[in-house]
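Here's the structure we're looking at; comments come further down.
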Amino acid sequence: MIARRLIHDRSGGVAVMAAVAGALLCAIAALVIDVGSVALYARKLQGAADLSALAAARDLARHADAARATAAANVGQAVTVQSTTGLYVADAARAPHDRFQSGQGPANAARVTLSGQAPLHFGRWILGRDTIAVHRTGTAATTLGEPLAMFSIGSRLARLDGGLANALLSGLTGSNVSLTALDYNALAAADVSLLQFTDALSTDLGLTVGDYDALLRSEIETSRALNILDRLAGDSDGSALNKLAQAADGLRLKIGELIGLEADAPMALRGGLDARVSALDMATAMLQTGGDRQLALNLGAQAGLADLKVSLAIGERPNGSPWMTVTDTGQPIIRTAQARLYIRARTAQALSGLAQVTLPILVELAPSEARLESLRCTPSQRVDLGVRPGVARASIGTIDESRLHNFKQSLTVSPATFLSVGGLVTVTGSSEIEAADQGYRTVSFNAAEIEEQAVKTVGSRGFVGGLVASLLGRLDIKVKVIGLGLGLGDLAGALGALLAPLSPLLDGVVNALLDALGLKFGEADVRMLGLSCPEGGKPATPVLVG
């Protein structure tokens with residue numbers, strides 16, 4: 001009878017469930033504590049394994065002793081140390097773990113495995129033991145030092161026109177950028193270590209520092225990369241880079257399209273090429289990397305002009321070509337981006353009292369190229385680069401602006417209509433110039449020029465002088481007048497007299513915009529960033545490789 005009552009009695013159910021849930025929560029809390037404890041121990045053991053591998057690689061002849069001493073200094077004696085040497089081959093076709101070949105020679109790497117016991121606090125009641133085994137491996141390698149050169153293509157900003165630069169960066173970010181002249185001067189003057197930048201990128205992405213294969217395959221939000229650059233440049237909240245990072249929200253950056261690394265030089269950055277690059281160069285290169293951008297820039301009225309409108313299309317670098325490279329061979333070839341610039345300038349004055357004149361100018365730039373031809377360290381340092389300016393064309397004429405960004409198709413340029421008054425008076429005209437070099441031209445850098453990170457310019461032989469001035473000098477003008485006795489005089493001469501004073505202004509606009517993109521008409525700028533010359537064939541500093 002009592003048993004039957006108890007079976008049907010539902011009172012006290014909550015207390016039972018609370019007791020069961022409490023016990024379960026305690027078990028989960030115990031599990032979390034133990035998992036966290038094991039993870040913390042594993043992380044500490046991994047750090048010790050990496051340091052031990054570096055020590056072993058630094059002294060391959062006594063690798064085992066070096067690994068044991070380093071492990072003991074970091075995690076104590078209660079670990080088992082296994083150290084082996086072998087050959088590390090930087091072959092991107094192999095999985096990272098397979099690039100180390102144990103026992104192969106000549107040895108240039110060491111792999112160290114540490115085994116330890118992570119303590120259990122509550123898990124002992126479940127597993128029946130106080131510890132759990134943890135194993136961690138670190139691999140480090142050195143290179144016997146082939147000389148390596150680092151260089152970039154594209155000019156450092158020479159003109160800091162705040163209005164033009166702000167308009168350009170606003171278009172690249174898709175947001176409003178408003179920096180002062182002081183901001184731009186600070187960015188141009190700030191140099192950052194490329195090595196520190198790549199290490200910071202790896203850390204931020206959770207990659208192994210020194211694993212450049214993984215880094216160059218990675219993508220990162222452009223704003224994060226700019227914030228990292230900001231920290232390295234020593235700027236603070238409210239700095240120019242911080243403002244750019246906020247404006248670039250939503251954009252993404254492929255690291256391999258910013259930095260190119262020759263396949264046989266996977267550890268080149270850490271092998272002595274601690275080059276410093278301009279924060280402004282790096283930031284603008286990041287913002288351009290996305291490619292396929294068409295920007296509309298309204299620059300407003302300027303001296304002699306009623307208004308000035310600019311359309312700019314920036315294409316991708318061919319074959320994903322990077323902005324700068326580290327190499328000891330002729331690969332990779334680095335290239336500038338394709339670009340098209342279309343300007344519509346309307347004069348403030350009327351032509352012969354009839355109407356204002358609209359001047360349309362198209363500038364097309366194919367990619368310029370640079371590659372390593374040769375380098376030497378003795379008896380004196382010298383680097384030879386092969387440089388070829390891209391084909392550059394400029395025209396006075398009208399185009400279909402909707403096709404400006406389509407770099408797969410050529411643009412049709414029609415004669416410009418400068419003036420049309422009721423169909424009675426029409427003034428049209430066209431002009432074209434081209435700058436092109438078929439082959440590479442050798443540009444040499446000596447030791448002093450390498451040290452000062454000199455910039456050298458290769459110009460096309462087919463073009464000399466100001467771009468707009470050259471176009472106006474070749475302008476073919478046609479005047480059509482319906483009716484007699486209008487007394488219009490020499491309209492062609494009047495048009496030339498009206499436009500000629502504007503050529504320096506328009507040349508300045510074109511040069512400033514192209515300069516900000518690291519581009520020039522009929523020219524290519526190359527900057528030597530550094531040359532690594534290992535002394536006497538001594539191994540370079542060991543780096544972690546997996």
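In what follows, residues are counted from 1 in the order of the sequence shown. Please read these numbers as outputs of a predicted model, since none were measured by experiment.
R224 places a side-chain heavy atom less than 4.5 Å from the side chain of L205. The closest side-chain heavy-atom distance from L385 to L372 is below 4.5 Å. In this structure the side chain of V383 reaches within 4.5 angstrom of the side chain of M528, judged on heavy atoms. The closest side-chain heavy-atom distance from P389 to E523 is not below 4.5 Å. Contact of the L514 side chain with the L365 side chain is registered, since non-hydrogen atoms from C-beta on lie closer than 4.5 Å. Residues F445 and V526 meet the side-chain proximity criterion, which asks for heavy atoms closer than 4.5 Å. Within the 4.5 Å cutoff, the side chain of R252 has no heavy atoms near those of the I220 side chain.
The backbone N or O of L529 sits less than 3.5 Å from a side-chain atom of Q453, completing a donor-acceptor pair. Judged by distance alone, the side chain of R441 and the main-chain N or O of G459 form a donor-acceptor pair under 3.5 Å. With hydrogens and angles disregarded, a donor-acceptor distance shorter than 3.5 Å links the side chain of T336 to the backbone of S368. Formation of a donor-acceptor pair under 3.5 Å by the D230 side chain with backbone atoms of L226 is not found in this model. For R43 (side chain) and G47 (main-chain N/O), no donor-acceptor pair under 3.5 Å exists by modelled atom type. N108 contributes no side-chain N or O that, together with a main-chain N or O of A141, makes up a donor-acceptor pair within less than 3.5 Å. Using modelled atom types, one side-chain atom of Q46 and one backbone atom of T137 make a donor-acceptor pair closer than 3.5 Å.
The two residues A71 and S52 have their closest heavy-atom pair at N-OG, 3.4 Å. Scanning all heavy atoms of the two residues, the minimum distance from T84 to S102 falls at OG1-OG, 3.1 Å. The two atoms that bring A225 and L253 nearest to each other are CB-CD2, 4.0 Å, heavy atoms only. The two residues F407 and A313 have their closest heavy-atom pair at CZ-O, 3.5 Å.
Taking the ring centre of Y440 as origin, the terminal cationic atom of R388 falls inside the region bounded by 6.0 Å and 45° from the ring axis.
To the nearest 0.5 Å, atoms CG (D199) and CG (L232) are separated by 9.5 Å. Put simply, CG on L201 and CG on L229 are 9.0 Å apart, with the number rounded to the nearest 0.5 Å.
Counted by atom type alone, T139 and R111 present one or more donor-acceptor pairs between their side chains at under 3.5 Å. Judged purely by distance below 3.5 Å, without hydrogens or angles, the side chains of T85 and H63 never pair a donor atom with an acceptor atom. For the 3.5 Å distance criterion, the side chains of Q117 and T131 qualify, holding a donor opposite an acceptor. No side-chain donor from either of Q246 and S223 sits under 3.5 Å from a side-chain acceptor of the other.
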Query - Residues Q82, V112; criterion side-chain contact (heavy atoms from CB on, under 4.5 Å); working and verdict - result: CA-CA 6 Å; Q82 293 181 326; V112 176; over 6 Å; no
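Applying the salt bridge (charged side-chain N to carboxylate O under 4.0 Å, His left out) test to E449 and every residue at least two apart in sequence or in another chain returns K456. A search for side-chain hydrogen bond (donor to acceptor under 3.5 Å, both in side chains) contacts involving R382 returns D384, S444, not counting sequence neighbours.
The pair R62-D65 does not count as a salt bridge, with every side-chain nitrogen at least 4.0 angstrom from each carboxylate oxygen.
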Quick one: side chains of residues 74-81, donor-acceptor pairs under 3.5 Å with protein atoms, not counting sequence neighbours, listed by atom name and distance.
from : atom 1 : to  : atom 2 : distance (Å)
N74  : ND2    : T70 : O      : 2.7

